[in-house]
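One structure is given here, and the rest of the page talks about it.
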Amino acid sequence: MAEKTQGTIIRVESTRAAAKTISGITAANPPVVTATGHGYANGDIVIISGVAGMTEVNDRAFVVANQATNTFELKGVNATGYTAYSSGGSAFKCTMIAVGEATGVNGSGGGAQQIDVTNLNSKTQETLPGLPALTSLTIDITLNHTDAGQTAMRDLAEATAYKALTVTTPGGYVLAATGQTSDYGFSFDKNAAHVGSFTFTFYRKFSWFA
């Protein structure tokens, strides 16, 4: 069903709380994380890192769901094919702020490149799967130098570490990812508003769910 774009909210990480120790993650749909006394609420954005075994979850952003005192689910994630958890790991709650005056969001990339290994004895073109290309989002904005979200995106272009970013649609779909601002552009045309764009390149696989 079609969905209007008005009301879409883009948020970027502003601060990251102290680590909560992980002692288990189930290979389930969705996975359940055990972290004693985590204090998270449903809808919180967390980044997980340092997990041994189930390394598929490392350095990714997730939305907390079905939280209990010592456990929470990673909303919309199917971990049934992930490697079994063995030990370690930490979860970090992210405080998110909205990127103001966004006018559009476009995504690209993510597909695996194909390596051409065709030779003189080949009957057809032969290829091998190459490394997957990094997915990126281009966020178009009307420039507002006092907007905290736009400032955070600009600062992220010079940061040495990745941060979390979310895109939430009016229908409740959420894209959650980690990455960095890889490009920042702007335009000052005559008789026009100052406009610009950020390119946010993902660091790891993103989550996309309702």
Side-chain angles (χ1 to χ4, degrees), residues 1 3-51 54 56-80 82 85 89-102 104-105 107 135 137 139 141 147-153 155-156 161-181 198 200 202-210:
M1 185 175 67
E3 182 180 27
K4 294 195 298 184
T5 58
Q6 278 71 25
T8 299
I9 302 174
I10 303 163
R11 296 182 177 91
V12 63
E13 176 187 343
S14 59
T15 58
R16 192 175 301 184
K20 298 295 184 179
T21 301
I22 293 172
S23 58
I25 307 177
T26 63
N29 181 17
V32 177
V33 180
T34 300
T36 302
H38 55 75
Y40 299 153
N42 292 337
D44 283 349
I45 303 299
V46 296
I47 290 175
I48 290 177
S49 66
V51 170
M54 194 180 289
E56 294 91 343
V57 300
N58 282 336
D59 304 320
R60 292 174 58 188
F62 301 98
V63 178
V64 171
N66 199 26
Q67 63 81 25
T69 301
N70 300 316
T71 61
F72 60 91
E73 293 177 357
L74 304 181
K75 186 177 182 181
V77 176
N78 184 349
T80 55
Y82 289 4
Y85 173 89
S90 299
F92 304 84
K93 177 184 173 180
C94 300
T95 298
M96 310 292 289
I97 54 173
V99 178
E101 302 189 50
V105 182
T135 303
L137 292 180
I139 303 167
I141 57 168
D147 180 79
Q150 290 191 20
T151 299
M153 290 295 292
D155 291 346
L156 191 50
Y162 61 84
K163 288 192 175 183
L165 180 136
T166 60
V167 179
T168 305
T169 72
Y173 284 87
V174 180
L175 180 152
T178 57
Q180 289 180 286
T181 300
F198 299 106
F200 183 87
F202 296 177
Y203 183 63
R204 290 287 186 267
K205 181 181 178 181
F206 65 91
S207 303
W208 175 241
F209 51 82

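Values in this document were obtained by computation on a predicted structure and should not be read as measured data.
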Open item on the list: Just to verify, what does Asp59 make a salt bridge (Lys or Arg N to Asp or Glu O under 4.0 Å) with, not counting sequence neighbours?
Closed with: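 Applying salt bridge (Lys or Arg N to Asp or Glu O under 4.0 Å) to Asp59 gives Arg204.
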- [ ] Go through the structure and list residues passing salt bridge (Lys or Arg N to Asp or Glu O under 4.0 Å) with Glu73, not counting sequence neighbours.
- [x]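 Glu73: no salt bridge (Lys or Arg N to Asp or Glu O under 4.0 Å) contacts found.
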[Y] and [X], any side-chain heavy atoms less than 4.5 Å apart:
X	Y	value
Arg60	Ser207	yes
Leu175	Leu137	yes
Phe72	Asn70	no
Leu156	Leu165	no

TODO: Look up atom CD1 in Ile47 and atom OG1 in Thr178, then write down how far apart they are to the nearest 0.5 Å.
DONE: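 One finds 6.0 Å between CD1 of Ile47 and OG1 of Thr178.
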Task: From CD1 (Ile9) to OG1 (Thr166), nearest 0.5 Å - done: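 Output value for this atom pair is 8.5 Å.
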Task: Counterpart residues, side chain to side chain contact (heavy atoms under 4.5 Å, CB included), relative to Asn58 (two or more places apart) - done: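 Counting only residues at least two positions away or on another chain, Asn58 forms a side chain to side chain contact (heavy atoms under 4.5 Å, CB included) with Ile48, Val51, Thr55.
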- [ ] With sequence neighbours excluded, tell me which residues meet side chain to side chain contact (heavy atoms under 4.5 Å, CB included) with Glu56.
- [x]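 Listed in chain order: Met54, Tyr82, Thr83.
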Mind checking what makes side chain to side chain donor-acceptor pair (under 3.5 Å) contact with [X], not counting sequence neighbours?
X	value
Thr34	none
Asp155	none
Gln180	none
Glu13	Arg16

Measure across [X] and [Y] and return the closest heavy-atom pair with its distance rounded to 0.1 Å.
X	Y	result
Ala164	Ala61	CB-CB, 4.2 Å
Gly43	Val63	CA-CG1, 3.8 Å
Val167	Trp208	O-CZ3, 4.4 Å
Phe92	Ser49	CE1-OG, 3.4 Å

Indicate every side-chain donor-acceptor pair of residues 93-102 with a distance under 3.5 Å to a residue at least two apart or in another chain.
| residue | atom | partner | partner atom | Å |
| --- | --- | --- | --- | --- |
| Thr95 | OG1 | Thr15 | OG1 | 3.3 |
| Glu101 | OE2 | Asn144 | ND2 | 2.8 |

Open item on the list: Once salt bridge (charged side-chain N to carboxylate O under 4.0 Å, His left out) is applied, what residue pairs with a partner in residues 166-176 remain, sequence neighbours excluded?
Closed with: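 For residues 166-176: none.
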TODO: Applying ring-ring contact (aromatic ring centres under 6.0 Å, His included), name anything that partners Phe198, two or more places apart in sequence or on another chain.
DONE: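 In terms of ring-ring contact (aromatic ring centres under 6.0 Å, His included), with neighbours along the sequence ignored, Phe198 is linked to Tyr184.
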Open item on the list: If you apply the rule side chain to side chain contact (heavy atoms under 4.5 Å, CB included), what do you find for Phe62 with Val33, and how did you get there?
Closed with: CA-CA 11 Å; Phe62 301 98; Val33 180; over 6 Å; no
Result block: side-chain N/O donor-acceptor pairs under 3.5 angstrom for residues 18-26, not counting sequence neighbours:
| residue | atom | partner | partner atom | Å |
| --- | --- | --- | --- | --- |
| Thr26 | OG1 | Val32 | N | 2.8 |

Open item on the list: Has Thr181 got a side-chain atom pairing as donor or acceptor with Met153's backbone, closer than 3.5 angstrom?
Closed with: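 Here the side-chain-to-backbone pair exists.
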